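What follows is one structure encoded as structure tokens, with my remarks underneath.
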Amino acid sequence: MLQPSGTLGVWFLVDLFFQNGQFLATVPSAHTPGSPVFWLTGLEAVGAALLYVTNWLNVEPHWHLWYGYSPISHLWTLAVEEQFYVIWAPVMLLLLRLRRHAATLLAAAIAVIALADPIFLSSSGFNRVYFGTDTRCAALFCGALCAFIGSTDGWRFLRRSQWAPLLGAVILGAIYWSAYALRQEGDRSLWNTGLIVCSLACALGVVFIVERPQGAAGRLLSSPSLVAIGKRSYAIYLWSYVLNTWLRDTGFFESFLVIGLSFLAAEISYRFVELPALRYKHHFTTATPTEPEGVPSGERVLAMR
């Protein structure tokens, strides 16, 4: 909560001082400049982000003051995530009362329904499917299902199977194809299929890497540089869209400026916001879990979650 609040505070201050600046509100990939953002519109966008409802305001254009998407539109993903937590908590209370296999089957049913949701909404507007919590939660439900399967050691075959590398190649290919399909917004059937494939393939990709930490993908993602980027990835995500919006018309060096300043802002946020918050959190922790020797870090993460 502290990191997005900091980003929102800086963004709103810039909005107050540069209300006539067209650089404040435009999709970074757009070919036309954005419109100036009146301070009241900016305040509404900040309020929507703090209440984690940006995605639903982007669905219905008559529910907000801004034109088109929110000036800080990338925060819709955080809204979906927080809304998922609200949904998943009572579901987990129910699942924990069931036997493990029954809970896994119920989690599978929920994931299948969520995956099929874009098909049921094919006649709805594109933004409804793109930003809807129910459609976007499919990937999170698939991840939860994978965790349930893993709790019964259902992925053990991946550790020693000779054809596991082939499965990894299929997963990678599916992710690559879904990236293509998700750019075909004019073909709803293809786009919906891409969303379903992407949700499944990404969840399985995480499982594959966790179960095979000594594989090529596991070793690559465990490299110190990528681990360091991963620790700062949340802050990078928060700042990169904002900076890309502000600097989109700065010419040849635009990409270098956006990347460099995003990493700089993320490092400042990580050191002076996130780490102090984590240290403060430890004051309320009754026990610090130890890391068993010989257990891959990915398995520890799944176990703790």
Side-chain angles (χ1 to χ4, degrees), residues 1-9 43-64 66 69-70 72-98 100 102-121 124-151 192 195-196 198-200 202-203 206-207 233-235 237-238 241 273-274 277-278 280-281 284-286 301-305:
M1 184 68 178
L2 289 176
Q3 283 202 34
S5 298
T7 305
L8 291 171
L43 183 63
E44 183 185 46
V46 170
L50 290 175
L51 293 174
Y52 295 104
V53 294
T54 301
N55 64 315
W56 288 112
L57 293 188
N58 281 340
V59 168
E60 178 48 65
H62 302 294
W63 291 353
H64 51 70
W66 63 75
Y69 299 130
S70 163
I72 35 182
S73 183
H74 66 311
L75 298 182
W76 72 267
T77 60
L78 302 184
V80 170
E81 181 182 351
E82 294 299 325
Q83 291 163 33
F84 168 78
Y85 294 148
V86 174
I87 297 169
W88 186 242
V91 173
M92 273 296 295
L93 291 177
L94 171 62
L95 295 177
L96 291 174
R97 292 178 174 271
L98 303 176
R100 187 165 295 183
T104 302
L105 288 175
L106 182 55
I110 294 172
V112 169
I113 293 172
L115 284 169
D117 201 30
I119 300 175
F120 300 144
L121 295 172
S124 301
F126 180 73
N127 281 1
R128 172 63 183 85
V129 179
Y130 191 95
F131 293 109
T133 304
D134 51 340
T135 54
R136 289 296 185 164
C137 273
L140 301 174
F141 282 126
C142 286
L145 172 61
C146 289
F148 270 99
I149 295 174
S151 69
N192 288 343
L195 183 61
I196 294 170
C198 184
S199 299
L200 282 171
C202 288
V206 172
V207 170
S233 59
Y234 183 50
Y237 174 76
L238 291 176
Y241 185 96
V273 178
E274 186 172 346
L278 290 174
Y280 182 73
K281 176 185 175 182
F284 301 94
T285 304
T286 55
V301 170
L302 280 183
M304 286 187 288
R305 290 186 178 180

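The model shown is predicted, which means the values in this text are computed figures rather than measured ones.
Atoms CG and CD1, on L105 and I110 in that order, are 11.5 Å from each other to the nearest 0.5 Å. Taken to the nearest 0.5 Å, the CG atom of D134 stands 12.0 Å off from the CD1 atom of I113. Remark: N58 CG to F131 CZ distance equals 4.5 Å, nearest 0.5 Å. Of the inter-residue distances, the one linking L121 atom CG with F126 atom CZ reads 12.5 Å to the nearest 0.5 angstrom. The structure places SG of C142 at 4.0 Å from CG of L115, a figure rounded to the nearest 0.5 Å.
Qualifying side-chain hydrogen bond (donor to acceptor under 3.5 Å, both in side chains) partners for S151, counting only residues two or more places apart in sequence or in other chains: none. Not counting sequence neighbours, the partners of A114 by the side-chain contact (heavy atoms from CB on, under 4.5 Å) test are A138, F141. The side-chain hydrogen bond (donor to acceptor under 3.5 Å, both in side chains) test applied to Y130 returns no partner, not counting sequence neighbours. T104 meets the side-chain hydrogen bond (donor to acceptor under 3.5 Å, both in side chains) test with no other residue; sequence neighbours excluded. The salt bridge (Lys or Arg N to Asp or Glu O under 4.0 Å) search around D117 returns none, not counting sequence neighbours.
At least one side-chain heavy atom of L75 sits less than 4.5 Å from a side-chain heavy atom of L8. R136 has its side chain out of reach of N55: every pair of non-hydrogen atoms, C-beta onward, lies at least 4.5 Å apart. Between T54 and H74 there is no side-chain heavy-atom pair separated by less than 4.5 Å.
Closest heavy-atom contact between A111 and L145: CB-CD2, 4.2 Å. Of all non-hydrogen atoms in P118 and L195, the two that sit nearest each other are CG-CD2, 3.8 Å. Minimum interatomic distance between F148 and A107 (heavy atoms only, all atoms of both residues): CD1-CB, 4.0 Å. In this structure, A203 and C146 approach most closely via the heavy-atom pair CB-SG, 4.0 Å.
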Compile the donor-acceptor pairs under 3.5 Å between side chains in residues 84-97 and protein atoms, sequence neighbours left out, one pair per line.
{"from": "Y85", "atom 1": "OH", "to": "E81", "atom 2": "OE2", "distance (Å)": "2.6"}

From CA spacing to verdict: side-chain contact (heavy atoms from CB on, under 4.5 Å), L78, Y234
CA-CA 10 Å; L78 302 184; Y234 183 50; 3.6 Å; yes
